[in-house]
**Q** 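Have a look at this one.
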Protein chains: 2
Amino acid sequence: MPPADHSYLTKKVISIGIVSELTGLSERQIRYYEERKLIFPDRTGKGTRKYSFTDVETLVHIANQMEEGVQTTELRRELKRQKSQEEVKRNMLRGQINAQFHKRH
Amino acid sequence: MPPADHSYLTKKVISIGIVSELTGLSERQIRYYEERKLIFPDRTGKGTRKYSFTDVETLVHIANQMEEGVQTTELRRELKRQKSQEEVKRNMLRGQINAQFHKRH
DNA sequence: CGTGTAAGGAATTCTGACACG
DNA sequence: CGTGTAAGGAATTCTGACACG
């Protein structure tokens, strides 16, 4: 089920130049973090990258970690851990909903 | 006192092409509504227009009104009425704050 | 009045590569 | 590994104007 995305936070509408201003990162850096799979912009029909405010926040976090000397590979692992954790939560929630359902039917 | 603007809703970061997609309006129309003082984008250093999500919502509202046959001059008046109303509210609030202050000092 | 369009120029973004370390 | 930069091209945006109605 893809996200419905009515949120101003996750809607991808910001071009890379603005993101650069917002984060203080160079466009080169922003593109590199995408290459390292830390950030996932959308693309317009002709290939221009578009970012959300959430992406901007993620980039600020990445920038802080990089200053701490953390490598992109480490950040990538961190991200994967987070994702699998979210999956665990979703599955637990689904289990509870199913239980409720069967109790009544 | 200028707005502090920590809001994702009012931060002007969206370029006109994206706004056009989001609203279904042509860039020509969007620029024209600015000329008629219905919308107030920021500009980047080199003059590119930047809009907020709130601007996008305003444009959708304008588009609906235009379909109803309302003229831009009428929408402009409506906007001015709203602004003066907000001013009234601000002044009332200030009055109450002042009253509270003098009661105690 | 509201909007389309062609015009010419300026600014933006993209990719792949070379460089340094 | 992470980032700067020059290169060439494509897409974006800007303004002022002419057109239609």
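Convention: sequence-line order gives letters A, B, ...; per-chain numbering from 1.
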**Q** Taking the side chain as C-beta and beyond, is there a heavy-atom pair between Ser20(B) and Ile30(B) under 4.5 Å?
**A**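 Ser20(B) vs Ile30(B): side chains touch.
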**Q** Go through residues 41-55 of chain A and report each residue with a non-hydrogen atom lying under 4.0 Å from DNA chain C, sorted by number.
**A**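 Arg43(A), Gly47(A), Thr48(A), Arg49(A), in order of number.
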**Q** Please report, rounded to the nearest Å, how far the C1' atom of dG4(D) is from the CD1 atom of Ile30(A).
**A**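 Rounding to the nearest Å, CD1 of Ile30(A) and C1' of dG4(D) are 14 Å apart.
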**Q** Which heavy atom in Pro41(B) sits nearest to a heavy atom in Tyr51(B), and how many Å separate them?
**A**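 Residues Pro41(B) and Tyr51(B), closest heavy atoms: CB-CE2, 3.5 Å.
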**Q** Whole angstrom is fine here: how far is it from CD in Glu21(A) over to C1' in dT13(C)?
**A**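 One finds 14 Å between C1' of dT13(C) and CD of Glu21(A), rounded.
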**Q** Hey, could you give me each pair passing side-chain hydrogen bond (donor to acceptor under 3.5 Å, both in side chains) that has a residue in residues 39-49 of chain A? Not counting sequence neighbours.
**A**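 Every pair satisfying side-chain hydrogen bond (donor to acceptor under 3.5 Å, both in side chains) with a residue in residues 39-49 of chain A: Glu34(A)-Arg49(A).
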**Q** Between protein and nucleic acid, restricted to nucleotides 5-7 of chain C and to nitrogen or oxygen atoms under 3.5 Å apart, what atom pairs and distances do you find?
**A**
unit_1: dT5(C); atom_1: O4; unit_2: Arg28(B); atom_2: NE; d: 3.3

**Q** OP1 or OP2 of dG4(D) less than 4.0 angstrom from a side-chain nitrogen or oxygen of Ser26(A), does that happen here?
**A**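 Result: yes.
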**Q** Under 4.5 Å between any side-chain heavy atoms of Lys37(B) and Thr72(B), yes or no?
**A**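 A side-chain contact is absent here, since even the closest heavy-atom pair is not under 4.5 Å.
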**Q** Should Lys11(A) and Phe53(B) be marked as a side-chain contact (heavy atoms from CB on, under 4.5 Å) after you check the CA-CA gap, both sets of side-chain angles, and the distance that decides it?
**A** CA-CA 10 Å; Lys11(A) 199 143 200 168; Phe53(B) 279 112; 4.1 Å; yes
**Q** Could you state the interatomic distance from CZ (Arg77(A)) to CD (Gln71(A)), rounded to the nearest 0.5 Å?
**A**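 The CD atom of Gln71(A) is 8.5 Å from CZ of Arg77(A), to the nearest 0.5 Å.
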**Q** To the nearest Å, how far apart are Arg31(A) CZ and dT3(D) P?
**A**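 So the two atoms are 14 Å apart, to the nearest Å.
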**Q** Would you say the side chain of Val88(B) lies within less than 4.5 Å of the side chain of Met92(B), judging by non-hydrogen atoms?
**A**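 Sidechains of Val88(B) and Met92(B): in contact.
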**Q** Rounded to the nearest 0.5 Å, how far does CZ of Arg36(A) lie from CD1 of Ile62(A)?
**A**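 The distance works out to 11.5 Å.
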**Q** Reading 5' to 3' and counting Watson-Crick or G-U wobble pairs with both distances under 3.5 Å, write the dot-bracket notation for DNA chain D, | for bases paired outside the strand.
**A** .||||.||.|.|.||.||||.
**Q** Is there a side-chain contact between Arg76(B) and Leu38(B) in this structure, where contact means two heavy atoms from C-beta onward sitting under 4.5 Å apart?
**A**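 They are in contact (side-chain heavy atoms under 4.5 Å apart), so the answer is yes.
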**Q** To the nearest 0.5 Å, tell me how far Asp55(A) CG sits from Ile16(A) CD1.
**A**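 Atom-to-atom, Asp55(A):CG and Ile16(A):CD1 are 11.0 Å apart.
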**Q** Whole angstroms only, please: what is the CG-C1' distance between Leu25(B) and dG4(C)?
**A**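 To the nearest whole Å, that distance equals 14 Å.
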**Q** Please give, in whole Å, the distance from dC14(C) P to Gln29(A) CD?
**A**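 For the pair Gln29(A) CD and dC14(C) P, the rounded distance is 15 Å.
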**Q** Taking the nucleotide of DNA chain D with the closest heavy atom to each, which residue, Tyr32(A) or Glu27(B), is nearer the 5' end?
**A**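 Nearer the 5' end of the strand: Tyr32(A).
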**Q** Listed by chain and number, what are the ring pair (Phe, Tyr, Trp, His ring centres under 6.0 Å) partners of Tyr33(B), not counting sequence neighbours?
**A**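 Partners of Tyr33(B) under the ring pair (Phe, Tyr, Trp, His ring centres under 6.0 Å) test: none.
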**Q** Using heavy atoms and a sub-4.0 Å distance, could you list which residues of residues 57-77 of chain B are near DNA chain C? By number, please.
**A**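 When residues 57-77 of chain B is checked for heavy atoms under 4.0 Å from DNA chain C, the hits, listed by number, are Met66(B), Gln71(B), Thr72(B).
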**Q** Under 4.5 Å between any side-chain heavy atoms of Leu75(A) and Met66(A), yes or no?
**A**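 When only atoms from C-beta onward are counted, Met66(A) and Leu75(A) do touch, with a gap below 4.5 Å.
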**Q** Compute the centroid of each ring, for Tyr8(A) and then for Tyr8(B), and state whether the two points are separated by less than 6.0 Å.
**A**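 No, they do not, as the ring centres are separated by 6.0 Å or more.
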